[in-house]
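Numbers here are sequence positions counted from 1. Every number for a ligand or one of its atoms is a count from 1 in the order of the listing. Side chains included, hydrogens not; waters and symmetry mates left out as well; all remaining heavy atoms used. Here the structure is a predicted model, which means the values were calculated and not measured.
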Amino acid sequence: MRIFKAPRMTAVDSEAVVKEARQLIAKKVEHPARRAFLQRSLTLGGLSLLTGCSISDDSHVEAVLSKISRFNDRVQGLIFSPTQLAETYPASMITRPFPFNAYYGEDEVREVDGESYRLEVTGLVADKRRWTLPELRAMPQHEQITRHICVEGWSAIGRWGGVRFADFLRHVGADTTARYVGFKCADDYYTSIDMATALHPQTLLALTYDGEVLPPKYGFPMKLRMPTKLGYKNPKHIQALFVSNTYSGGYWEDQGYNWFGGS
Ligand SMILES: Nc1nc2c(c(=O)[nH]1)N[C@H]1C(S)=C(S)[C@@H](COP(=O)(O)O)O[C@H]1N2
Ligand SMILES: [Mo]
């Protein structure tokens with residue numbers, strides 16, 4: 001059913017937003033009455049009532065859709081459990097070869113020089129110094145085999161290793177009551193995440209893939225790996241990160257993808 005057309009998100013996308021939120025609620029909200037209430041609210045009509053805009057009025061469509069998406073962010077934020085772990089897998093289930101994806105082709109993968117590389121850390125942190133790769137490798141390392149889900153319709157299991165992001169944030173004296181952590185990449189990619197996910201025990205500043213130095217195509221020198229979020233939320237080639245209370249969106253998020261992006 002095609003209700004309306006919007007420049008960025010189509011009717012199909014808006015239905016997907018609602019469907020995704022309902023599936024999430026079905027999966028994560030254990031209390032039956034609360035689950036039923038949230039699911040009833042999560043219809044396109046229900047959301048248009050909640051957001052106070054008419055979805056039949058074309059001039060408001062995009063505003064409504066972005067409000068639905070922001071509402072979806074809040075629901076996902078509310079039901080996100082900081083301690084619930086994403087599924088992990090045995091090494092025998094690793095997808096080989098692991099797929100590459102970016103907003104450009106594999107022949108245009110960014111080559112970052114590891115020797116001169118410095119990770120910039122700014123915003124609401126006590127220690128704003130830049131980090132070299134050997135310094136990051138000297139921090140306690142963790143490894144996990146998890147599933148990466150891309151909204152383009154594929155998922156794959158991979159093995160990433162690196163520094164627990166929570167350890168890193170505490171080490172630099174980040175204000176962990178701040179709302180966001182933002183990332184700028186060596187390509188034109190950027191994204192930002194909620195602090196609860198930044199502190200999740202499976203969120204890794206990944207320096208390795210399958211036991212080897214992270215190859216360029218998977219984001220050398222470093223990517224943020226979050227098995228609780230969709231692929232586009234996992235920035236590769238991170239150059240700078242900042243802790244902030246100001247919303248800064250993301251490359252795909254600013255084009256209509258849901259910001260929280262949980263899976
Ligand atoms: N810097 C950067 N990070 C990025 C992207 C990108 O284009 N540039 N694409 C995202 C998307 S949509 C996906 S699915 C994953 C792909 O990661 P992979 O190449 O390791 O499979 O990277 C994410 N992070
Ligand atoms: Mo993706």
message: Ring centres under 6.0 Å, that's the criterion: do Y209 and F98 meet it?
response: yes
field: Numbering as shown, the atoms of ligand 1 that approach C185 to under 4.0 Å (heavy-atom distance)
entry: 1 (N)
Enumerated ligand 1 atoms positioned under 4.0 Å from heavy atoms of Y103: 7 (O)
- prompt: Do the two ring centres, one from W160 and one from H142, sit under 6.0 Å apart?
  reply: no
task: Run the ring-centre check on H200 versus F165 and record whether the distance is less than 6.0 Å.
output: no
message: Side chain, backbone, both or neither: which applies to E152 and ligand 1 if a contact is any heavy-atom pair less than 4.0 Å apart?
response: neither
query: So which heavy atom in the protein is nearest atom 14 (S) of ligand 1, and how far is it from that ligand atom?
result: H148 NE2, 3.2 Å
Per-atom contacts of ligand 1 with P99, taking only distances under 4.0 Å to non-hydrogen atoms: 18 (P), 19 (O), 21 (O)
statement: the protein heavy atom lying closest to atom 20 (O) of ligand 1 turns out to be Y218 CD2, 3.5 Å
field: Atoms of ligand 1 close to C150 [distance to a heavy atom under 4.0 angstrom, numbered from 1]
entry: 14 (S)
message: Regarding E143 and R159, does a basic nitrogen lie under 4.0 Å from an acidic carboxylate oxygen?
response: yes
query: Is it true that a side-chain atom of K233 and a backbone atom of F260 form a donor plus acceptor pair closer than 3.5 Å?
result: no
task: Please could you name the atoms of ligand 1 that A102 approaches to less than 4.0 Å, counting only its heavy atoms?
output: 6 (C), 7 (O), 9 (N)
query: What are the atoms of ligand 1, with element, lying closer than 4.0 Å to any heavy atom of K217?
result: 19 (O)
query: Just wondering, more than 12 heavy atoms not from E212 lying within 6.0 Å of its CD?
result: no
With Y103, the ring-ring contact (aromatic ring centres under 6.0 Å, His included) member among Y190, Y251, Y257, W252: Y251
field: Selected option - heavy-atom contact closest to atom 4 (C) of ligand 1, from Y232, Y189, Y190
entry: Y189
task: Would you mind finding which of T191, V151, N234 brings a heavy atom closest to atom 23 (C) of ligand 1?
output: N234
Heavy atom of the protein closest to atom 16 (C) of ligand 1 (residue, atom name, distance): N101 O, 3.4 Å
message: Below 4.0 Å, non-hydrogen atoms only: which portion of D187 touches ligand 1? Side chain, backbone, both or neither.
response: side chain
- prompt: Looking at T191, N234, T203, D194, which hits side chain to side chain donor-acceptor pair (under 3.5 Å) with K229?
  reply: D194
- prompt: ligand 1 versus F98, non-hydrogen atoms closer than 4.0 Å: side chain, backbone, both, neither?
  reply: side chain
- prompt: Between W154 and ligand 1, which residue portion shows a heavy-atom distance shorter than 4.0 Å: side chain, backbone, both, or neither?
  reply: side chain
- prompt: Got the closest protein heavy atom to atom 19 (O) of ligand 1, with its distance?
  reply: K236 NZ, 2.6 Å
- prompt: Just wondering, are more than 12 heavy atoms of other shown residues or ligands nearer than 6.0 Å to CZ in R179?
  reply: no
- prompt: Can the ring centroids of Y117 and W131 be said to lie less than 6.0 angstrom from one another?
  reply: no
